[in-house]
Amino acid sequence: MATVQTELIPNYVAGRWHTPSGRDALDVVNPATGETLARVPLSSAEDVDKVVQGAVAAFDGWRRTPPTERIQYLFKLKQLLEENFEEIARTITLEAGKTMGESRGELRRGIENVEVATGIPSMMMGYNVEDIATGIDEMMIRQPLGVVAAIVPFNFPCMIPLWFLPYAIACGNCFVLKPSERVPLSMRKVVALLEKTGLPPGVVSLVNGAKEAVDALLDHPEVRAISFVGSSPVARYIYERSARAGKRVQCQGGAKNPTVIMPDADMDMSLKLIMDSAFGCAGQRCLATSVAVPIGEAQKTFTPMLLEAARSRKVGFGLDPGVELGPVITPQSRERIAGLVDRGVAEGGKVLVDGRQARVTGYEKGNFVGATVLELPQAGGELARTEIFGPVLSVTNAANLDAAIEAVNASAFGNMACIFTSSGAAARKFRYEARVGNVGVNIGTPAPMAFFPFSGWKGSFFGDLHAQGKDAIEFYTDKKIVVERWPKEWSRQF
Ligand code: NAD
């Protein structure tokens, strides 16, 4: 069992841990046990201003620090993350409810971004052409923006901040993180490790809070760019408000992810991968398969196997061995998920496996929902288009691949879609025609590696440059064009 603490989590301002006093605070609760782990202050606009001013003061010195030196802090951070790997993974499990395997996986994907960002001296190179006119040269150089901020969701407390932080600072920016108020503990640990690297004060700052803190970041004239990951309505709001304030902005939103199972698919492999995708992290992943679309004969082979596997998925506290499915984040989330399953039934759906009454002995206060499978009569129904964000897999049959692709493309979201097949032609058609940002072919959860952008289309993304990889360099730098003449001879006649 976790130890009960009610410490108020401090902000990290100009290299010092500072607890904003006299602010409202929220409990940070272990979703499996109901225990209060800590309290998180709801920072005000004034608190945010202090944080941003600390970052502004650090910027000039940091941008003048050579990139080869800047990345030394990332090498040290990588080392410290490895040394503290188990402890951070455990913190993720305590605050977010994941199994230890899932928390370790999340942290590993986060560390990969630190590794990739150590390549910044090459990645942020510009280009040049000599003699655009005789004796005149032109070059493009990249410069950091200044103070940049990220606002992140609860479902990957560590990995998602690391989609941004390493690239932002390696490019020479000062970075402000606003963690999710539900899971502020693991990034607090990561920032404490960054402090140990000797990173200059103000290069990375932490401001805890919710809407007031977010709005203050969006409106602050010294914040040049905003990265956001979270639900689509908030993503749209943040995109619009930041753009109005003249900021560079990238907002990743929600998802509803279909996976097509062709009759010629390897059913054992497909089942295993789809189970992990749908029910891993209790379905609280923006790349979770949320709709299975078996085609033709696959309805007779895949679906019965799916029901059997879903019934045996072991629910419990993520620190306990053998647990495959942890709790959802809050009791409200649990209620919302149950309500959406009811809505599916009202739309003519049928609950084939019902996890809504899941209880775990010894963890009576946990927000558990067991693996749930809901058959929906039509791909275009309202629930098939609504993000549930829980361990609920809908099944909607489709007559053929064309009908399945039509359903994929009718969705307001465009985060991911997968196909399981042994036909190259079917796979290529799907890859070519599906209007989504991440496609999996015989892959359950096509999460891009750190050196690729994390894409997302339609209502799943607002902006143009994505997180990670080369897009991160584009996002975190301004391009400057310099045209130079040094020779004394004139290259043109006047
Ligand atoms: P959320 O939108 O409720 O919160 C995300 C962040 O926004 C938090 O830091 C929160 O404090 C802040 N916030 C919330 N409401 C706000 C408001 N009205 N004004 C200003 N700030 C506000 O999301 P969540 O519940 O934490 O996370 C789950 C959502 O995130 C799901 O929709 C999921 O699909 C999405 N998500 C998307 C991706 C992706 O890459 N596309 C990745 C992970 C999660």
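All residue numbers in this chain count up from 1 along the given sequence. All figures in this text were calculated on a predicted structure; none of them were measured in a lab. All ligand and atom numbering here is 1-based and tracks the order in the structure.
- Taking the centre and axis of the six-membered ring of Tyr73, the NZ or CZ atom of Lys78 falls outside the cone set by 45° and 6.0 Å.
- A 4.5 Å side-chain heavy-atom check between Leu287 and Phe454 finds at least one atom pair inside the cut-off.
- For Lys458, the side chain to side chain donor-acceptor pair (under 3.5 Å) test picks out no residue, with sequence neighbours left out.
- With no hydrogens or angles considered, no side-chain donor-acceptor pair links Asn30 and Tyr363 at under 3.5 Å.
- Scanning both residues, Ala168 and Phe175, for their nearest heavy atoms gives CB-CD1, 3.7 Å.
- Between Pro179 and Pro184, the shortest heavy-atom distance links the atoms CB-CA, 4.3 Å.
- Around ligand 1 you find Ile151, Val152, Pro153, Phe154, Asn155, Ile160, Trp163, Lys178, Ser180, Glu181, Arg182, Lys211, Val214, Phe228, Val229, Gly230, Ser231, Val234, Tyr237, Gln252, Gly253, Gly254, Ala255, Cys286, Glu387, Phe389, Asn415, Phe454, each with a heavy-atom distance below 4.0 Å.
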